[in-house]
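Numbering starts at 1 and runs along the sequence shown. Reckoned from all heavy atoms, side chains included, excluding hydrogens, waters and symmetry mates.
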Amino acid sequence: MDNTNALSYFITAISQVGFPIVLTGYLLLRFEKKLDILTETMLRLIDVIHNKASEGSQGK
């Protein structure tokens, strides 16, 4: 979506449902992407911890 279409879409959305609702939707979409990245990072960290724990228990 180019800038002109995005701007006209947001202006139309604001006029139809109001600024707070549009802003909330925008922020939720941004946070969702960041939460997905955080989830992937945590899963990788869990894998690293399990691998280190299993290496430690095998060395004893």
Side-chain angles (χ1 to χ4, degrees):
M1 183 174 351
D2 64 350
N3 289 340
T4 325
N5 285 340
L7 183 61
S8 80
Y9 173 77
F10 285 119
I11 290 173
T12 302
I14 288 171
S15 68
Q16 290 179 357
V17 295
F19 180 74
I21 294 173
V22 171
L23 182 63
T24 301
Y26 172 74
L27 291 175
L28 284 174
L29 288 174
R30 288 194 45 135
F31 286 142
E32 180 183 8
K33 292 176 187 174
K34 296 203 183 285
L35 286 174
D36 289 341
I37 293 169
L38 179 61
T39 302
E40 290 175 19
T41 305
M42 290 177 70
L43 290 173
R44 280 189 270 146
L45 180 59
I46 290 169
D47 287 341
V48 168
I49 291 171
H50 283 291
N51 289 339
K52 292 290 183 182
S54 64
E55 286 176 6
S57 65
Q58 289 176 358
K60 289 185 176 183

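Pairs of residues two or more places apart, or lying in two chains, never qualify as side chain to side chain donor-acceptor pair (under 3.5 Å) while including a residue from residues 34-49.
Cluster partners of L45, using a side-chain heavy-atom cutoff of under 4.5 Å among ILVMFWY residues and allowing indirect links, are I49.
Put simply, the side chain of H50 reaches to within 4.5 Å of the side chain of I46, judged on heavy atoms.
A side chain to side chain contact (heavy atoms under 4.5 Å, CB included) with T24 is found for one member of L28, L27, V22 and no other, namely L28.
For S8 against T12, the heavy-atom pair with the smallest separation is O-OG1, 2.8 Å.
Partners of R30 under the side-chain hydrogen bond (donor to acceptor under 3.5 Å, both in side chains) rule, at least two apart in sequence or in another chain, are Y26.
If you take CG on L23 and CZ on F19, they are separated by 4.5 Å, rounding to the nearest 0.5 Å.
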